[in-house]
Amino acid sequence: MALNTTQNSAQHFSGSVDIIDAEAITVTGEVMAEPTEATLPEPALAVPQPRTLATKTQDPFESFGYDPEAIAAHYRRRPFQVWARFVGIFLPMASFFAQIWLDRRASRSAQTEAKRAVQLRNLLTRLGPAYIKIGQALSTRPDLVPPIFLEELTTLQDQIPPFPNAIAYRFIEEELGAPPSQIYAEISADPIAAASLGQVYKGKLHSGEDVAIKVQRPGLAQRIALDLYIIRGLARFATNRISQIRSDLVAIMDEFGERIFEEMDYTHEGENAQRFANLYGHISDIYVPHIYPQYTARRVLTMEWIEGTKLTNIDKLNSLGIDATHLIDVGVQCSLRQLLEHGFFHADPHPGNLLAMADGKLAYLDFGMMSEVKPYQRYGLIEAVVHMVNRDFEGLAGDYVKLEFLTPDTDLTPIIPALANVFSNALGASVAELNFKSITDEFSALMYEYPFRVPAYYALIIRSLVTLEGIAINVDPEFKVLSKAYPYVAKRLLTDPSPELRASLQDLLFKDGSFRWNRLENLLRNARSSDDYDMDRLIDQTLEFLFSDRGSFLRDRIVSELVNGLDSFGQTTVQNLTTAVQRRLGLKSDLPPAAKAAASDLDHLRRILDILKDTPGFDAAQVATRIPTLLFKPETQAMGQQVVTGLAQRALARLVRNLLLEGEPVANGRSPQLPPRQSRDGSVGILV
């Protein structure tokens, strides 16, 4: 029995489905034979039996992964091969940009734009890995690349020339221990999609499940190693010779090299997919395809077949009734959890790896290029976003030290005003108008003036976020990733029990002894927009923190504010009565300062209560049930005693002051105004 084939699958797939990473390498000079339909013998068994193969194709760099020293030792003995590759990269690139320059000089750019776009796509395809990646990154930036170039570069995601079926079938047999006919009940005659790392066939298991079969290109690791060796050498040369470059470009290249070598190990990719599903598969409207580990090896991966549409295919999504903007928002929220919650993130979210499914879910594909953010880096990123949004540039400068952009011994004095000056353009609008690209562009201006350096881990984060925002801008030009991210950041800052974020919240809300009500209002207003904002959890964690040893500073602040507020309220009540009587008697009277201050505090409290009432999940009855328990806590009783003592001291001080001033003359029919009293903790109380 011949394996069944799918006659129209390639046509269907190219417009809507992409199962593989479009980001790999096309082999320069490789013979790209057209795949031919193969009729394979009927399987003897439904489940393949391992057997010993006579030979196995082996790339010399596959066995040890990315090792820059071993790669350098290998190619130092082959200078002619290195120089031939370098010249093969430099000359075509120089020729292409010379043609662009001549077009502009002759004012014929508009007439030749389509031709140059095709030339660029073909050039990047021939050059291979790093250059296809550059093209893919540019294909997600409609704000940087003209539409005609954008359309051509998009084809780099899944329309690279395939390699022969015979090689793919041999790899399947070598890796899985049996020919494809014994592994799969059906397999498509031709690859459904081909990218730089490999190509995909649609198949069916003997158990009936539709699957995508990804097979790696031959000789991949050796060719990638040569490109990385050349680029790494250029990075070292630039770092040593160009004084303006302070970032460790070699370390950034090594980080990139490790990720791409991991991407070539499909076993590792399968494990990444399973881990990703465990961490994020439960998020609403997120779908992670199933991996079949028994049919997965280093150069062959078998995963659940996904039918879907690229997020950039707006017309198709509209015809299916799918809201692309909503799915972009889902992707942003998922990315935030990847970067800031668990730290395990998809470093390659290009349009071919994010598909809209018919049921309205967002499917993630291709888990070869993943990376991790350490806990201290995650907390540092959250703090940096909060400080930036709140224009706390002193705090932001400290964040850059924590995130390793600046060394601990860096003098931050000149950097703080520079941050305020450079970010003023990007932050001139409200949070809702913030654009991630504008932030990164403005930050780039600082890199040459001050001793900033880009840590290796941060390069992949930037790549991931910039790519994601590029897709979002393509779907909705007004979409702002940072404004969508801030509600999640605010929610984390309010509810995360980690000491790092508790300290950050304290620094945010208190300054010079005074409580910054507007920042609390801003946090609460933004946090309520987060999908998984749990009001009960916020209240429980707030109370737990308040009555813990770490919350003693906050209890002291609350006592101080209560003493000031109650004292002002008492005075205001008396003064209001006096004012009302004076007005009835026709005497002129202004609202005293204490009344104005108390009214201001009451306004803040009213606004906060209004925000809480409008927050989904807020239940006043649930809050009321916690009150009896709180009243009997020793900390509450101690706070009550401190408030009573503070009010008594204020009243006694006022009595003594009034007695001492009893004989002083009265100006304009009123007692002289007394200055505010500054307390030891910085709070201000009106003493009269």
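FYI, the numbering just counts along the sequence from 1.
Between Glu255 and Tyr66, the side chains place no donor N or O within less than 3.5 Å of an acceptor N or O (distance only, hydrogens not considered). A donor and an acceptor atom, one from each side chain of Gln377 and Tyr458, are nowhere located under 3.5 Å apart.
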Derivation and outcome, side chain to side chain contact (heavy atoms under 4.5 Å, CB included), residues Asp496 and Lys491 = CA-CA 8 Å; Asp496 196 300; Lys491 185 260 307 186; over 6 Å; no
For Val250 and Met253, what are the C-alpha separation, side-chain angles and deciding distance, and is it a side chain to side chain contact (heavy atoms under 4.5 Å, CB included)?
-> CA-CA 5 Å; Val250 175; Met253 278 308 307; 5.6 Å; no
Evaluation steps, ring-ring contact (aromatic ring centres under 6.0 Å, His included), between Tyr287 and Tyr364 | CA-CA 7 Å; Tyr287 189 82; Tyr364 274 80; over 10 Å; no
Run the side chain to side chain contact (heavy atoms under 4.5 Å, CB included) check on Leu493 and Ser504 step by step: do they pass?
-> CA-CA 8 Å; Leu493 196 61; Ser504 181; 3.9 Å; yes
Go through the steps for Asp265 and Glu269 under the test side chain to side chain contact (heavy atoms under 4.5 Å, CB included), then give the verdict.
-> CA-CA 6 Å; Asp265 184 352; Glu269 179 178 344; over 6 Å; no
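In this structure, CG on Leu197 lies 5.5 Å from OH on Tyr266, to the nearest 0.5 angstrom. Of the inter-residue distances, the one linking Asp411 atom CG with Tyr450 atom OH reads 10.5 Å to the nearest 0.5 angstrom. In this structure, the separation between CD on Glu341 and CD1 on Ile382 is 9.0 Å, given to the nearest 0.5 Å. Thr239 contributes atom OG1, which lies 3.5 Å from atom CG of Leu249 (distance to the nearest 0.5 angstrom). Distance check, rounded to the nearest 0.5 Å: CG of Asn421 to CZ of Phe393 gives 9.5 Å. To the nearest 0.5 angstrom, Met303 atom CE is 8.0 Å from Asp366 atom CG.
With contacts defined as side-chain heavy-atom distances shorter than 4.5 Å, the pair Lys361/Ile286 does not qualify. In this structure the side chain of Leu396 never reaches within 4.5 angstrom of the side chain of Ile416, judged on heavy atoms. Considering only heavy atoms from C-beta on, Thr267 comes within 4.5 Å of Glu271 through its side chain. Inter-residue side-chain proximity for Ser371 and Arg259 is flagged as met; some heavy-atom pair is nearer than 4.5 Å. With a 4.5 Å cut-off on side-chain heavy atoms, Phe256 and Ile252 do not count as touching. You'll find the side chain of Ile471 reaches within 4.5 Å of the side chain of Leu354, heavy atoms only. Counting only heavy atoms from C-beta outward, the side chains of Phe345 and Ile461 approach each other to under 4.5 Å. With a 4.5 Å cut-off on side-chain heavy atoms, Ile415 and Phe452 count as touching.
Judged by distance alone, with hydrogens and angles left aside, the side-chain atoms of Asp399 form no donor-acceptor pair with the main-chain N or O of Gly380 at under 3.5 Å. Judged by distance alone, the side chain of Asp476 and the main-chain N or O of Ala472 form no donor-acceptor pair under 3.5 Å. Checking side-chain atoms of Thr296 against main-chain N and O of Tyr292 turns up a donor-acceptor pair under 3.5 Å. In this structure, the side chain of Glu304 does not engage the main chain of Pro289 through any donor-acceptor pair within 3.5 Å. Judged by distance alone, the side chain of His346 and the main-chain N or O of Leu365 form a donor-acceptor pair under 3.5 Å.
Smallest separation of non-hydrogen atoms from Ile322 and Ala358: CD1-CA, 4.5 Å. In plain terms, the two heavy atoms of Pro451 and Leu406 that are nearest each other are O-CD2, 3.5 Å. Taking every heavy atom of both residues into account, Leu647 and Val563 meet most closely at CD2-O, 3.7 Å. In this structure, Val330 and Ser284 approach most closely via the heavy-atom pair CG1-O, 3.9 Å. Here the closest heavy-atom approach between residue Asp392 and residue Gly395 is recorded as OD1-N, 3.1 Å. What you find for Leu468 and Ser335 is that their closest heavy atoms are CD2-OG, 3.4 Å.
Between Glu500 and Arg492 no salt bridge is recorded (no basic side-chain N to carboxylate O distance below 4.0 Å). Salt bridge status for Glu383 with Lys402: present, with a side-chain N to carboxylate O gap under 4.0 Å.
Each of His342, Gln338, Arg378 was checked for a side chain to side chain contact (heavy atoms under 4.5 Å, CB included) with Val373, and the lone residue meeting it is Arg378.
Geometrically, Arg337 does not engage Tyr280 in a cation-pi contact defined by less than 6.0 Å to the ring centre and at most 45° from the axis.
Less than 6.0 angstrom separates the ring centroid of Phe367 from the ring centroid of Phe276.
Counting non-hydrogen atoms of neighbouring residues, nucleotides and ligands closer than 6.0 angstrom, the CD atom of Glu394 reaches no more than 12 such neighbours.
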